[in-house]
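Input: a single structure, listed below in structure tokens.
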Amino acid sequence: MPELPEVENTRRYLIESRVEGVQIVSATVTWGNSVKHPQLEDFVLDIQGETIQSIGRRGKYILLNLVSGRILVLHLGMTGGIRVQRRDQNPSDMVRHFFDLYDGRQIRFIDPRKFGHMWLVDDFQQVSHKMGPEPLEPTFTSNVLRQIVNARQIPIKALLLDQAAIAGIGNLYADEVLFLSGIYPGAIAADLSDSSIELLHRSILSTLARSISLYDVDRKALWPEPSFGLPNWTMKRIIGAPCIQCGNPMDMIKVRGRSSYYCPQCQLRTN
DNA sequence: AGTACGTCCTGATCGC
DNA sequence: TGCGATCAGGACGTAC
């Protein structure tokens, strides 16, 4: 569920926490399956003494660019979150991994469901080779989106979830932008009209930007903090809940096994 | 090229 | 009340 905005805000949080330029003196991994590459023993040993140079992001991946040129790549999975805390501050049970910093703090990887992953690589390509464009880059124009959409004979919902098509959108944002665009989740991508794609493009940009801004307004809105909530979702993800636009009951279909909430009145099957 | 399903996990929720 | 079954979900692998 951490999708592009939550990951971007986690990146901003790390920068504001001033971990750039700080050395990692040791690492503790309590759930070895999280480490994907290379071997676990190498991972812990290799990370020692590395200094964080800068914090980046690609899609849903957080990139800790290290002075050596290597990259510590973090993926939050479904329930993962990052916090920077003093070593003497009691960690929650859900902290799976610790990176001890030279200044006495720790970068803590919280991950209740253990779906998060970590890599230490020379090149991000080693983690993910095929990734679609960043939707918030200026180069992601409606023309670019139209080319992507026109080329695929799959449900638009499935396309939005395909990280090789567009990077960073997950199940919740996909439903959100389809609702705002009035597009039925099961509609075949290549069948969408130019005007629908135009609307979809605008919805993607505005929805992602709005969610990122929540953290800029309130620093407590950092995933997975439940107190502030994430974006102001236009739907409650409950079958039968009234649509905020027309009042008719919302429904849910499965698209490629993913729950897809939509309004049968506002999201017609023809676009 | 596209679809279906299994895998990894745990906590919330459902049915009996 | 309490217990077991089911589901959710990101990314990837395998089979068709």
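Chain identifiers are assigned alphabetically (A, B, ...) following the order of the sequence lines, protein sequences preceding nucleic acid strands; residue numbering begins at 1 within each chain. Just so it is clear, the structure is predicted and the values come from calculations on it, not from any experiment.
Side-chain contact between A:Y262 and A:D251 is present, with at least one heavy-atom pair separated by less than 4.5 Å.
Summarising the geometry of A:L4 relative to A:E134, their closest heavy-atom pair is CD1-OE1, 3.8 Å, with the distance given to 0.1 Å.
Side-chain atoms of A:Q23 come within 3.5 Å of backbone atoms of A:G49 as a donor-acceptor pair (strictly under, hydrogens ignored). The backbone N or O of A:R12 sits nowhere less than 3.5 Å from a side-chain atom of A:R57 that would complete a donor-acceptor pair.
Between the two ends of the helix from B:dG2-C:dC16 to B:dC16-C:dG2, each summarised by a five-pair axis, the helix axis turns through 60° (rounded to 10 degrees).
Here A:F115 does not count as stacked on C:dG10, because the ring centres are not under 5.5 angstrom apart with planes under 30°.
Along DNA chain B, the nucleotide nearest A:G257 and the nucleotide nearest A:M78 are compared for position; the residue whose nucleotide lies closer to the 5' end is A:G257.
Salt bridge status for A:D103 with A:R18: absent, with no side-chain N to carboxylate O gap under 4.0 Å.
Not one side-chain nitrogen or oxygen of A:R256 sits closer than 4.0 Å to the OP1 or OP2 atom of B:dA4. A:K254 has a side-chain polar atom (N or O) that falls below the 4.0 Å cut-off from OP1 or OP2 of C:dA8. The phosphate of C:dA11 has OP1 or OP2 within less than 4.0 Å of a side-chain N or O from A:H75.
Across all strands, A:M94 comes closer than 4.0 Å only to sugar-phosphate atoms, never to a base (heavy-atom distances).
Residue A:H117 contributes atom NE2, which lies 17 Å from atom P of C:dG9 at whole-angstrom precision.
Between A:F140 and A:H201, the angle of the ring planes lies from 30° to 60°, which puts this pair in the tilted group.
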